[in-house]
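Quick note: residue numbers are just sequence positions, from 1. Scope of the values below: all heavy atoms of this structure, side chains included, with no hydrogens, waters or symmetry mates. Here the structure is a predicted model, which means the values were calculated and not measured.
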Amino acid sequence: MQIVSEFYFSIIPEWLISSDLSDNAIRVYTALYRFADKNDGTCYPSIATIGKKCNKSPSSVKRGLNELKKIGAIEVKERYIEEKGQTSNLYILKLN
């Protein structure tokens, strides 16, 4: 593994660290946080993009998202374009 120096940080809320979430779910949350609007917590990266950021497979990302939804750390809303169907998900993170 090569370490690449990027000056990006993901903040993990204390309540999340002390939760019973898996390490996988916490990594998914931090990847989402990296994309999220810091005012309202919204973002819409693809499952593949989230997976690339936290080095997880799509199925691991989906399991992490389900864990996060279950405890209320994120809200997921499906996004659609008329006549094309679902395009992506909107993720809304609980920031505090």
Side-chain angles (χ1 to χ4, degrees):
M1 179 174 104
Q2 179 182 5
I3 297 175
V4 178
S5 177
E6 292 183 14
F7 296 105
Y8 296 105
F9 297 91
S10 293
I11 297 171
I12 305 169
E14 192 66 33
W15 60 264
L16 191 65
I17 294 170
S18 58
S19 72
D20 290 333
L21 287 175
S22 68
D23 294 343
N24 177 54
I26 292 172
R27 286 181 74 166
V28 169
Y29 182 92
T30 59
L32 287 171
Y33 188 89
R34 180 103 180 266
F35 295 107
D37 180 288
K38 303 312 179 245
N39 293 316
D40 63 11
T42 60
C43 60
Y44 43 92
S46 69
I47 298 291
T49 300
I50 297 166
K52 285 179 187 175
K53 277 293 174 203
C54 61
N55 199 28
K56 296 289 183 181
S57 68
S59 58
S60 291
V61 170
K62 290 174 186 176
R63 281 192 301 273
L65 291 170
N66 285 331
E67 280 186 67
L68 293 165
K69 285 191 299 188
K70 191 174 182 177
I71 69 158
I74 64 170
E75 183 180 343
V76 181
K77 295 184 178 183
E78 296 174 346
R79 297 175 47 181
Y80 293 91
I81 292 179
E82 207 170 304
E83 297 179 18
K84 289 187 178 182
Q86 185 177 358
T87 60
S88 62
N89 287 324
L90 171 68
Y91 301 100
I92 305 168
L93 279 68
K94 178 181 175 187
L95 298 175
N96 52 26

Looking only at heavy atoms, which two atoms of Ala73 and Tyr29 are closest? And how far apart? O-CE1, 4.0 Å

Minimum heavy-atom distance Gly64-Val28, with the two atoms named: CA-CG2, 4.3 Å

Nearest heavy-atom contact between Ala36 and Lys38 is O-NZ, 2.8 Å

Going from NZ on Lys77 to OG on Ser88, what distance comes out if it is rounded to the nearest 0.5 angstrom? 13.0 Å

Donor-acceptor pair, side chain of Asn89 and main chain of Tyr91, under 3.5 angstrom: no

Could you see if Tyr44 belongs to whatever hydrophobic cluster contains Leu95? Use Ile, Leu, Val, Met, Phe, Trp, Tyr and a side-chain cutoff under 4.5 Å. no

Straight-line distance of Leu21 CG to Leu16 CG, nearest 0.5 Å: 5.5 Å

In one Ile/Leu/Val/Met/Phe/Trp/Tyr side-chain cluster, 4.5 Å: Ile12, Leu68: yes

Do Leu93 and Ile47 belong together in a cluster built from hydrophobic side chains that touch within less than 4.5 Å? yes

Report yes or no: do Ile92 and Val61 belong to one cluster of Ile/Leu/Val/Met/Phe/Trp/Tyr joined by side chain heavy-atom distances under 4.5 Å? no

Hey, could you give me the CG/SG distance between Asp23 and Cys54, rounded to the nearest 0.5 Å? 12.0 Å

Verify, without hydrogens or angle tests, whether Lys94 (side chain) and Glu75 (backbone) share a donor-acceptor contact under 3.5 angstrom. no

Cut-off 3.5 Å, side chains only: do Thr30 and Arg27 have a donor facing an acceptor? no

Nearest 0.5 angstrom please: Ile50 CD1 to Cys43 SG, how far? 7.0 Å

Tell me who clusters with Phe35, hydrophobic residues only, linked when side chains sit under 4.5 Å apart either directly or through other members. none

At what distance, to the nearest 0.5 angstrom, does NZ of Lys62 lie from OG of Ser59? 7.5 Å

Would Leu32 and Val76 show up in the same hydrophobic cluster when neighbours are defined by side-chain heavy atoms closer than 4.5 Å? yes

